[in-house]
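A short worksheet on the structure shown next.
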2 protein chains.
Amino acid sequence: MSVSDAALRRFTGYGMKRAFNAIQADVNRTLKPHGLRMVTFSALSVIGENPGLSQAQLADALSIERPNIVMLIDELEAAGLVLRERHAADRRAYALALTGEGRRRLARADRAVRAHDARMTAGLSTEDRARLMEMLGSVERAGEEATG
Amino acid sequence: MSVSDAALRRFTGYGMKRAFNAIQADVNRTLKPHGLRMVTFSALSVIGENPGLSQAQLADALSIERPNIVMLIDELEAAGLVLRERHAADRRAYALALTGEGRRRLARADRAVRAHDARMTAGLSTEDRARLMEMLGSVERAGEEATG
DNA sequence: TATTGTTATACTCTATAACTATA
DNA sequence: TATAGTTATAGAGTATAACAATA
């Protein structure tokens, strides 16, 4: 006898959780050979796109609490992928930047994640994918309104 | 100066994580007055739809490991919402069922979660919502193929 | 006073190994 | 031998309070 979850399947959140779990498992499998996880890849990507940003700015961009950024950057710095330079104008803050190895690692991992993304959305047309991203953005914004 | 996450916005997983975080925060806020969380609501819903199922079947339906189901049912049993009856044919297993209070609590929470879902998808048409659910299902199935 | 980075801490969620009782 | 439930435990991930240095 099979168990039904039809009552839950009506809810966007349930479908989203199951889809996200599938994506997260696959992306972590994808990133493992590169020595990265979803969160470290995200941090690397944002630092690469915004060199000189502070830990507080990175925390804000990724919706991570400041204390948890410390360990994250510790890990990336120890791996030789990120540099903590002192900010010129504000001596409280660091200016984060990628090392040469950080840039290379990010470039390779980014290619792998693009392939992962294509795999996960193989059942969707190009228009479908764009539409999905728009709808996810709509849900995210609805949540921001609710939170205030 | 604002920090850009445009490089990550290309990825389905990033959009999905942000949308899911928004949904999870809102649904937990929604369920708190009912004494439930996302996972306890899900368990209640599946038990209500499949009375007599075992803990192992529930674990499989919700993709939760068996040991973690034990604490979950402990909590719902202590709250007087779920009963562990002995399975007639297999004395190793429990037959899970909702109490009267469990059914009432589920009915009320289900109404609240439907309102939450409508709120989170307020920016989408009825057809959009159906399309979103289909696409999430497509991503979930792509993940199952990848896992094997 | 407020903010940046930090430490310490705690709480939740999740995953694994090993046990018991039944099958 | 295999499965259901359980216990113990460990690892992530996430959140809060409080501190020193700087603004």
Side-chain angles (χ1 to χ4, degrees), chain A residues 1 3 13 17-18 20-25 27-29 31-32 35-43 47 52-78 82-97 147, chain B residues 1 3 13 17-18 20-22 24-25 27-29 31-32 35-43 47 50 52-78 82-97 147:
Chain A
M1 276 301 293
V3 173
K17 180 174 177 56
R18 297 192 71 105
F20 176 68
N21 283 351
I23 286 193
Q24 188 170 45
V27 82
N28 281 331
R29 221 177 304 130
L31 287 170
K32 193 156 197 176
L36 298 172
R37 288 163 293 144
M38 197 178 207
V39 64
T40 50
F41 171 78
S42 298
I47 297 169
L53 88 170
S54 68
Q55 292 186 183
Q57 286 177 310
L58 179 61
D60 188 60
L62 293 180
S63 298
I64 296 176
E65 294 302 314
R66 265 62 51 103
N68 297 324
I69 288 285
V70 176
M71 290 180 305
L72 195 57
I73 300 298
D74 282 351
E75 179 183 339
L76 291 171
E77 195 182 32
V82 166
L83 288 174
R84 281 197 249 232
E85 295 169 344
R86 273 293 161 195
H87 198 283
D90 186 342
R91 281 185 306 167
R92 291 172 304 182
Y94 288 121
L96 302 176
T147 306
Chain B
M1 277 303 293
V3 173
K17 180 174 176 57
R18 298 193 71 106
F20 177 67
N21 282 351
Q24 189 170 44
V27 82
N28 281 331
R29 221 178 303 129
L31 287 170
K32 194 157 195 175
L36 297 172
R37 288 163 293 144
M38 196 178 206
V39 64
T40 49
F41 171 78
S42 298
I47 296 169
N50 304 274
L53 89 169
S54 69
Q55 293 186 183
Q57 286 176 311
L58 178 61
D60 187 60
L62 294 179
S63 298
I64 296 175
E65 294 302 315
R66 265 60 53 103
N68 297 324
I69 289 285
V70 176
M71 290 180 303
L72 194 58
I73 300 299
D74 282 351
E75 179 183 339
L76 292 171
E77 194 182 32
V82 165
L83 289 174
R84 282 199 248 231
E85 296 169 343
R86 273 291 161 194
H87 198 283
D90 186 341
R91 282 185 305 167
R92 291 173 303 180
Y94 288 122
L96 301 176
T147 305

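Every chain is numbered from 1, with letters handed out A, B, ... down the list of sequences.
Look at CG on A:Leu58: it is 13 Å from P on C:dT4, rounded to the nearest Å. Rounded to an integer number of Å, the gap from CG of B:Asp60 to P of D:dT3 is 13 Å. The NE2 atom of A:His87 sits 9 Å away from the P atom of C:dG5 (whole-angstrom rounding). For A:Leu62 and D:dT14, the CG to C1' distance is 14 Å, given to the nearest whole Å. As rounded to whole Å, 13 Å separates atom C1' of C:dC13 from atom CD1 of B:Ile69. Remark: C1' of C:dT14 and CG of B:Leu72 are 13 Å apart, rounded to the nearest angstrom.
Residues satisfying the side-chain contact (heavy atoms from CB on, under 4.5 Å) criterion with A:Arg92, sequence neighbours excluded, are A:Asp90. Applying the side-chain contact (heavy atoms from CB on, under 4.5 Å) rule to A:Asp74 yields the partners A:Val70, A:Arg84; only residues at least two apart in sequence or on another chain are considered. Partners of B:Arg37 according to the side-chain hydrogen bond (donor to acceptor under 3.5 Å, both in side chains) rule, which considers only residues two or more places apart in sequence or in another chain, are B:Glu75. Listed by chain and residue number, A:Lys17 satisfy the side-chain contact (heavy atoms from CB on, under 4.5 Å) test with A:Asn21 (two or more places apart in sequence, or in another chain). Under the rule for a side-chain contact (heavy atoms from CB on, under 4.5 Å), the partners of B:Gln24 that lie at least two apart in sequence or sit in another chain are B:Phe20, B:Asn28, B:Met38.
Nucleic acid contact class of A:Arg86 (heavy atoms, under 4.0 Å, all strands): none.
Regarding contacts with the backbone of D:dT6, a side-chain N or O of B:Gln55 is found under 4.0 angstrom from either OP1 or OP2.
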Dump every N/O contact between nucleotides 20-23 of chain C and the protein below 3.5 Å, one line per pair.
residue, atom, partner, partner atom, Å
C:dA23, OP1, B:Arg91, N, 3.0
C:dA23, OP2, B:Arg91, NH2, 3.0

Set out, line by line, the N/O atom pairs under 3.5 Å between protein and nucleotides 11-13 of chain D.
residue, atom, partner, partner atom, Å
D:dG13, OP2, A:Arg37, NH1, 2.4

Sort me out a list of protein N/O and nucleotides 15-17 of chain D N/O pairs below 3.5 Å, or just none if empty.
residue, atom, partner, partner atom, Å
D:dA15, N7, A:Asn68, ND2, 3.0
D:dA15, N6, A:Asn68, OD1, 3.2

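Here the side chains of A:Arg86 and A:Tyr94 are in contact, with some heavy-atom distance below 4.5 Å. Contact annotation: the side chain of B:Val39 never approaches that of B:Asn68 to less than 4.5 Å [non-hydrogen atoms, C-beta and beyond]. Between B:Ile73 and B:Leu96, some side-chain heavy-atom pair lies under the 4.5 Å cut-off.
The two residues A:Leu76 and A:Ala43 have their closest heavy-atom pair at CD1-CB, 4.0 Å.
Rounded to the nearest 0.5 Å, atoms CG (B:Leu58) and CD1 (B:Ile64) are 6.5 Å apart. For the atom pair A:Ile47 CD1 and A:Gln55 CD, the distance stands at 8.5 Å (nearest 0.5 Å).
Along DNA chain C, the nucleotide nearest A:Val70 and the nucleotide nearest A:Asn21 are compared for position; the residue whose nucleotide lies closer to the 5' end is A:Val70.
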